[in-house]
There are 4 protein chains.
Amino acid sequence: MNRELKKEQTRVRIKEAAMSLFAEQSYESTTIEQIVKLAGVAKGTFFNYFSSKDDLICDLQGLFVIEEIVKLKDKGGPLIPKMQLIIFELMQQFPLNKQLTRALFQAILGSEKALDKHRKLIADLKDAIIPLVESGQECGELRKEIPAADITQIALHTYFGTLILWSMDEDEEKLNEHMVVTFDLFFKGIVS
Amino acid sequence: MNRELKKEQTRVRIKEAAMSLFAEQSYESTTIEQIVKLAGVAKGTFFNYFSSKDDLICDLQGLFVIEEIVKLKDKGGPLIPKMQLIIFELMQQFPLNKQLTRALFQAILGSEKALDKHRKLIADLKDAIIPLVESGQECGELRKEIPAADITQIALHTYFGTLILWSMDEDEEKLNEHMVVTFDLFFKGIVS
Amino acid sequence: MNRELKKEQTRVRIKEAAMSLFAEQSYESTTIEQIVKLAGVAKGTFFNYFSSKDDLICDLQGLFVIEEIVKLKDKGGPLIPKMQLIIFELMQQFPLNKQLTRALFQAILGSEKALDKHRKLIADLKDAIIPLVESGQECGELRKEIPAADITQIALHTYFGTLILWSMDEDEEKLNEHMVVTFDLFFKGIVS
Amino acid sequence: MNRELKKEQTRVRIKEAAMSLFAEQSYESTTIEQIVKLAGVAKGTFFNYFSSKDDLICDLQGLFVIEEIVKLKDKGGPLIPKMQLIIFELMQQFPLNKQLTRALFQAILGSEKALDKHRKLIADLKDAIIPLVESGQECGELRKEIPAADITQIALHTYFGTLILWSMDEDEEKLNEHMVVTFDLFFKGIVS
DNA sequence: AATGAATGAGATTTCATTCAT
DNA sequence: TATGAATGAAATCTCATTCAT
């Protein structure tokens, strides 16, 4: 069991080293050599855990996900304040800085495998959000003339648009401010 | 002047070859060797026209720009129908397919030089759009409690969010439909 | 003794796994990882039984040997029909397919250790065959003007030449047909 | 044209360096790094000329071929002395030492590409020799009851068998002596 | 201006082998 | 005796870029 623990630690060390380097340089210019050096393991060890650099990225992109969203469904009360709250809280603890966010996008755009993973993630997000929107429509909180699927899709456009432009911007503003302002307007468009 | 013409033609041939390859593969996996082969020139010639691969991308990303937006300012009449029209028309002739759009994003994310260029482009877009929004606010068409700069910023989030999610999606829907639907909601949020 | 048995079984399982893989791929491209996976043991276990990959091959190349040859010496009667019979029977049960034969040659050619082993094997074969030839010459069955050692050497040339060309050929003919035809001619050359 | 010359020289330098190293070590243990170092070119240069190590070997295995055989057909006179002469002369100038011969076999056995090339070479050899044998049969010099194709096949068995056993032997005897003795017996078997 | 051979640092990946458990 | 995580040297191959012609 000690062995299992060590294995897990090694895996974590590699992932943290990779993230730390992606946060300093771009994805493409980060080499496996650098990663293993920082992680303090041998080059071969990397490939005992990840079959390629792409594979590592697939493990990492879960960081984009908003897991808390799913839990919202079961809570009662008006939807929009709940969502505003969650967006605010999430952004507080968003684990990616600008450079790392860029690195993730870059990796996803450059690898068919990571792209597929991303598509699944988007699909999961949609599946989680649509029921929320539908319940909001049923209780009269949200406009009914726009299909729930469309509203969801647009919310994702808004989310990823804010994310990518923020990551490419050179100013130091916080992501959460952008996100809150943008979603404020988004909510204005969908309340009935 | 014949010589000037030939030079321009060579430059265009190289750019077209590059775009054509980016539209098939990712940016990173497209090599200069492939580009010059398709363009029918020698490898050295590439570097007579572009100082590096990055440099080529800087030339290419103008394709993201919505030049027509600037012209809107001088036309009279209500703003929103005008913008809807222009978005619709632009999308009709959007020159990039999904793969090529992804390749451009990838290139920009991986090159400091291209990223700088992108920032300038974003700044130019803002400078063009803010006055439009301000005039819309002055004539009472748009809400006044949201600063024009914020509205503009959010419009860009919406635009690039739609663009990047569309480019990563595997379905075959047209970009313009996404864009029109998304901006419809956006407009609903900003009208007074 | 149960333990001894298990050890022997493990050793056999590893050898069989290796042979099975050599019969599908080349020697060089077969990895110990693959072998132990197929044998159902851990990687470390391999090295408990064989000190290296080379060592395994040394164990395996005995398959080339024609052990029955030695027994011929003591039987009476004319030599050539006996040898024809034995070649025929051996070929029937030749344990190597083309790919595996190639793999063995490849392994021997690439390892000084295996090469040495092969030389011993060849020497043993010579030692077994020369007396046979000599007795054939004494009883007048074979020409006497060619030294027995030369005849033996040429027999080996014939044997290995047939073996290697067969293994490199892509047609599906049986080894034994080639071998019988070739040795027919060989015998024609040496009978008096 | 000076440039063409230089190119050819570079190609030759690489091939000679490779052969020289194969003649010292085995094929597998000769690295491209060693080859380019000895050839005095950069690593990338190797790949401008050969797409892989396999590719280089394909270029090299022509050394096995007996080009002069083809020319024999048109000369008149008895066949066997002519062939004896040619075998003798060829062996005198056989360009491969033992280690290099082993390296070539090893390379061919380990690469599907090189193996295919080898099969073509064998086929070409057959096509060249069969007519010779047929003409020998027609003029009554050779036995007619063995098909010319079989005789040819067996000649190749004899040739390659002698070659590979010689290359694996540690004694310093000359290849040509082996070859002459072996073919002497072979000829005894086929004369009428 | 055009060429394309040469460059060479550097990338990813492999794999036989070791050794602590 | 069996295990399998860790090793790390070494292998092949890539490719943007340079520069002599």
Side-chain angles (χ1 to χ4, degrees), chain A residues 1-4 6-11 14 28-37 39-55, chain B residues 3-4 6-7 10 28-37 40-56, chain C residues 3 6-7 10 28-37 40-56, chain D residues 1-4 6-11 14 28-37 39-56:
Chain A
M1 64 195 109
N2 199 344
R3 226 164 164 179
E4 283 298 305
K6 266 196 175 172
K7 211 177 150 181
E8 188 53 29
Q9 280 177 341
T10 305
R11 176 178 266 276
I14 291 172
E28 290 290 342
S29 56
T30 297
T31 71
I32 289 176
E33 179 112 12
Q34 293 173 326
I35 295 173
V36 295
K37 199 173 166 189
V41 298
K43 219 187 290 189
T45 305
F46 180 93
F47 292 94
N48 288 341
Y49 288 87
F50 304 96
S51 63
S52 68
K53 221 171 132 190
D54 275 11
D55 199 42
Chain B
R3 222 161 167 180
E4 284 299 305
K6 264 197 173 172
K7 268 180 75 173
T10 303
E28 290 290 342
S29 56
T30 298
T31 68
I32 289 179
E33 180 110 10
Q34 292 174 325
I35 295 172
V36 296
K37 197 175 167 189
V41 298
K43 217 193 285 192
T45 306
F46 179 93
F47 291 92
N48 291 339
Y49 288 87
F50 302 96
S51 64
S52 68
K53 214 177 151 188
D54 278 9
D55 199 42
L56 169 69
Chain C
R3 223 162 165 180
K6 262 197 174 172
K7 266 180 77 173
T10 304
E28 290 289 343
S29 56
T30 297
T31 69
I32 290 180
E33 179 111 10
Q34 292 173 326
I35 295 172
V36 294
K37 197 176 166 188
V41 298
K43 219 191 284 191
T45 306
F46 179 92
F47 291 92
N48 292 339
Y49 288 88
F50 303 96
S51 65
S52 68
K53 214 177 150 189
D54 277 9
D55 199 43
L56 169 69
Chain D
M1 59 196 112
N2 199 343
R3 226 164 163 179
E4 284 298 305
K6 266 196 173 170
K7 212 178 149 181
E8 188 52 29
Q9 279 178 340
T10 303
R11 175 179 266 279
I14 291 172
E28 290 289 345
S29 56
T30 297
T31 70
I32 290 175
E33 180 111 10
Q34 292 173 326
I35 295 172
V36 296
K37 198 173 167 189
V41 298
K43 216 185 294 186
T45 305
F46 179 93
F47 292 94
N48 288 341
Y49 287 88
F50 305 97
S51 63
S52 67
K53 221 171 134 189
D54 276 10
D55 199 42
L56 170 68

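Just so we're on the same page: letters track the sequence lines, and every chain starts at 1. No hydrogens, no waters, no symmetry mates; every other heavy atom, side chains included, goes into these values.
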If you check the [X] side chain, which of [options] turns out closest?
X: Val41(B); options: dT3(E), dT18(E), dA2(E); answer: dT3(E)
X: Lys53(C); options: dT17(F), dA6(F), dT17(E); answer: dT17(E)
X: Arg3(D); options: dA20(F), dT12(F), dA6(E); answer: dA20(F)
X: Ile32(B); options: dT3(E), dT21(E), dA16(F); answer: dA16(F)
X: Lys7(D); options: dA10(F), dT7(F), dA5(E); answer: dA5(E)

Length of the line joining [X]:[atom1] and [N]:[atom2], which is rounded to integer Å:
X: Ile35(A); N: dA11(E); atom1: CD1; atom2: P; answer: 11 Å
X: Phe46(A); N: dA11(E); atom1: CZ; atom2: C1'; answer: 12 Å
X: Leu56(B); N: dT17(F); atom1: CG; atom2: C1'; answer: 15 Å
X: Gln9(D); N: dA6(E); atom1: CD; atom2: P; answer: 10 Å
X: Lys43(B); N: dA16(F); atom1: NZ; atom2: P; answer: 8 Å
X: Asp55(D); N: dT12(F); atom1: CG; atom2: P; answer: 14 Å
X: Lys6(C); N: dT3(F); atom1: NZ; atom2: P; answer: 11 Å
X: Glu33(C); N: dT7(F); atom1: CD; atom2: P; answer: 16 Å

Practice problem: Working to the nearest 0.5 Å, report the span between CZ of Phe46(C) and CG of Asp55(C). | Solution: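 So the gap between those two atoms works out to 8.0 Å.
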Quiz item: Distance from Arg11(D) atom CZ to Phe50(D) atom CZ, nearest 0.5 Å?
Solution: 4.0 Å
Quiz item: Within a strict 4.5 Å, meaning less than it, do heavy atoms of the Leu56(B) and Ile35(B) side chains meet?
Solution: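 Sidechains of Ile35(B) and Leu56(B): in contact.
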Under 4.0 Å from OP1 or OP2 of [N]: is there any side-chain N or O of [X] that close?
X: Tyr49(D); N: dA6(E); value: yes
X: Ser52(C); N: dA16(E); value: no
X: Ser51(D); N: dC13(F); value: no
X: Thr45(C); N: dT3(F); value: yes

Quiz prompt | Watson-Crick or G-U wobble partner of dT17(E), both distances under 3.5 Å | solution =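 By the stated definition (distances under 3.5 Å), dA6(F) pairs with dT17(E).
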Exercise. Applying side-chain contact (heavy atoms from CB on, under 4.5 Å) between Gln34(D) and each of Val36(D), Ile32(D), Thr30(D), report the one that passes.
Key: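 The single option meeting the side-chain contact (heavy atoms from CB on, under 4.5 Å) with Gln34(D) is Thr30(D).
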Quiz item: Any idea which heavy atoms bring Glu28(B) and Lys53(B) closest together, and the distance?
Solution: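 Looks like O-NZ, 3.7 Å.
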Quiz item: Between Phe47(C) and Thr31(A), which has a closest nucleotide on DNA chain E that is more 5'?
Solution: Thr31(A)
Quiz item: Which residue, Gly40(B) or Thr30(A), contacts DNA chain E at a nucleotide closer to its 5' end, judged by nearest heavy atom?
Solution: Gly40(B)
Quiz item: Can you find an N or O donor on one side and an acceptor on the other, under 3.5 Å apart, linking the side chain of Asn48(D) with the base of dA6(E)?
Solution: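 When only heavy-atom distances are counted, Asn48(D) does reach the base of dA6(E) through a donor-acceptor pair under 3.5 Å.
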Quiz item: 5'-most contact on DNA chain F: Ser29(D) or Gly44(A), nearest heavy atom basis?
Solution: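 Counting from the 5' end, the first nearest nucleotide belongs to Gly44(A).
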Quiz item: Considering heavy-atom distances to DNA chain F, does Glu28(D) or Ala42(A) have its closest nucleotide positioned more toward the 5' end?
Solution: Ala42(A)
Quiz prompt | CA sep, side-chain torsions, deciding dist, call: Ile14(A), Val41(A), side chain to side chain contact (heavy atoms under 4.5 Å, CB included) | solution = CA-CA 8 Å; Ile14(A) 291 172; Val41(A) 298; 4.2 Å; yes
